[in-house]
There are 2 protein chains.
Amino acid sequence: MNIGEASKASGISGKMIRYYESIGLIPSVGRTEAGYRTFSDKDIHTLRFIARARSLGFSVEQMSNLLALWRDSNRASSDVKAVAYAHIEELDSKIEKLIAMRQTLQHLAEHCHGDHRPSCPILGDLAGVPEPVGTPTTADV
Amino acid sequence: MNIGEASKASGISGKMIRYYESIGLIPSVGRTEAGYRTFSDKDIHTLRFIARARSLGFSVEQMSNLLALWRDSNRASSDVKAVAYAHIEELDSKIEKLIAMRQTLQHLAEHCHGDHRPSCPILGDLAGVPEPVGTPTTADV
DNA sequence: CTTGACCTTCCAACGATGGGAAGGTCTATG
DNA sequence: CATAGACCTTCCCATCGTTGGAAGGTCAAG
């Protein structure tokens with residue numbers, strides 16, 4: 001299997017496969033005499049593992065830990081669980097931040113006439129104009 | 001006002017102020033004879049606008065649009081609202097993705113014993129091992 | 001043998017930010 | 001007035017994950 005086929009089989013671009021190899025996330029794969037990379041079934045399996053982990057938002061560093069645990073048949077499941085929960089917490093904090101932004105923006109947008117007139121509470125808020133009563137700002141979120 | 005004071009007054013690091021100037025997000029500020037940047041009250045106002053927009057997750061490009069609208073006293077509030085809603089949609093799609101990741105991961109982690117034993121559904125899922133019945137995978141989210 | 005699809009390596013860019021070096025300026029104190 | 005230290009300047013580099021492209025080698029089909 002060359003890199004093109006490996007890419008199709010794993011869903012990871014050839015560019016990224018080379019990159020993952022270069023940073024040592026995956027071990028060096030085989031080469032033909034001409035220098036072409038050759039991928040074994042095991043390599044493909046690893047790449048698919050990576051693809052799945054990426055889709056769950058794990059960073060390269062976290063994937064490196066997960067791969068090490070995967071390869072270690074004696075790992076304790078608690079170690080894996082710890083990595084997973086650490087990532088869940090990261091996700092939670094990102095989600096919270098985004099929701100707070102969304103909420104503030106939604107509120108501002110709702111109070112914007114959205115017509116030809118120039119007056120707009122969105123710009124007002126950004127420019128630091130104090131809001132009228134009953135229209136909380138991000139500070140309240 | 002020099003860049004250090006401008007930084008304190010706006011909450012934007014000196015590094016970033018120089019960067020915003022270099023990419024044209026803010027107009028070139030004044031200089032002393034010695035080459036030090038000098039910031040007017042108007043410059044500070046603009047920087048604070050930017051700080052607030054950043055805290056709402058707007059990209060540099062979006063901020064550029066918002067600043068142009070802010071400076072245009074004849075803008076239609078609908079234009080501002082459109083930028084805001086476009087950003088809300090971006091936030092929504094990010095939030096959805098993160099929540100889906102979180103949900104899958106949470107589910108996997110809940111079914112992981114988390115003890116000394118090596119067996120772990122988290123690694124199992126990443127490695128593509130079919131899950132037992134009643135334990136949906138990301139595909140179901 | 002040629003063509004086109006593939007592969008290789010290397011270099012650069014994105015977006016937003018921080019780190020640091022090398023050098024100039026300003027201000028307060030001795 | 002000299003000097004220390006806090007500030008300023010520009011310039012380059014690193015991050016993270018990913019993509020793009022150039023220049024060149026290889027392979028398979030016609």
Can you check whether B/R37 has a side-chain N or O nearer than 4.0 Å to OP1 or OP2 of D/dT9? yes
Hey, could you give me the CZ/CG distance between B/R102 and B/L105, rounded to the nearest 0.5 Å? 8.5 Å
Check the phosphate of D/dC8 against B/R31, side-chain N and O only, distance under 4.0 Å to OP1 or OP2. Yes or no? no
Figure out the CG/P separation between A/L25 and D/dC16, and round it to whole Å. 13 Å
Any chance you could lay out the side chain to side chain contact (heavy atoms under 4.5 Å, CB included) test for B/F58 and B/H87, step after step, and finish with the verdict? CA-CA 7 Å; B/F58 284 101; B/H87 185 40; 3.5 Å; yes
Look at A/Y20 and D/dT18 and indicate whether a side-chain polar atom (N or O) is within less than 4.0 Å of OP1 or OP2. yes
Could you verify whether a donor N or O on one side chain and an acceptor N or O on the other, from B/D43 and B/S40, lie under 3.5 Å apart? yes
Residue B/Y36, side-chain atoms from C-beta onward, closest of D/dG21, C/dA16, D/dT9: D/dT9
Just the rounded figure in Å: distance from C1' of D/dC16 to NZ of A/K94. 11 Å
Rounded to whole Å, please give me the gap between CG in B/N2 and P in C/dT27. 9 Å
Side chain of A/A34, heavy atoms from C-beta onward: which of C/dT8, D/dG21, D/dC27 has the nearest atom to it? D/dC27
Indicate if B/M16 and B/Y36 have the same hydrophobic cluster label, given that clusters are the connected sets of ILVMFWY residues with side-chain heavy-atom separations under 4.5 angstrom. no
Does a nitrogen or oxygen in the side chain of B/R18 sit under 4.0 Å from OP1 or OP2 of D/dT9? yes
More 5' along DNA chain C: A/T38 or B/E61, using each one's nearest nucleotide? A/T38
Counting only side-chain N and O atoms of B/T32, is one of them less than 4.0 Å from OP1 or OP2 of C/dT25? no
Does a nitrogen or oxygen in the side chain of B/Y19 sit under 4.0 Å from OP1 or OP2 of C/dG15? no
Spacing of B/I12 atom CD1 relative to C/dG15 atom P, expressed in whole Å: 18 Å
Shared hydrophobic cluster for B/F39 and B/Y19 (ILVMFWY, side-chain gaps under 4.5 Å): yes
Do the side-chain N or O atoms of A/R54 get closer than 4.0 angstrom to the phosphate oxygens (OP1, OP2) of D/dC16? no
Return the value, rounded to whole Å, for the distance between atom CD1 of A/I3 and atom P of C/dC6. 13 Å
Of the candidate nucleotides C/dG18, C/dG20, C/dC7, which contains the atom at the shortest distance from the side chain of B/K15? C/dG20
If I take atom CD1 in residue B/I26 and atom P in nucleotide C/dA16, what distance separates them, rounded to the nearest angstrom? 15 Å
Using atom CZ of A/F39 as one end and atom P of C/dC6 as the other, report the distance to the nearest whole Å. 15 Å
At less than 4.0 Å, is any side-chain N or O atom of A/S59 found next to OP1 or OP2 of D/dC16? Yes or no. no
Report the distance from atom CD of B/E90 to atom C1' of C/dG15, rounded to the nearest whole Å. 13 Å
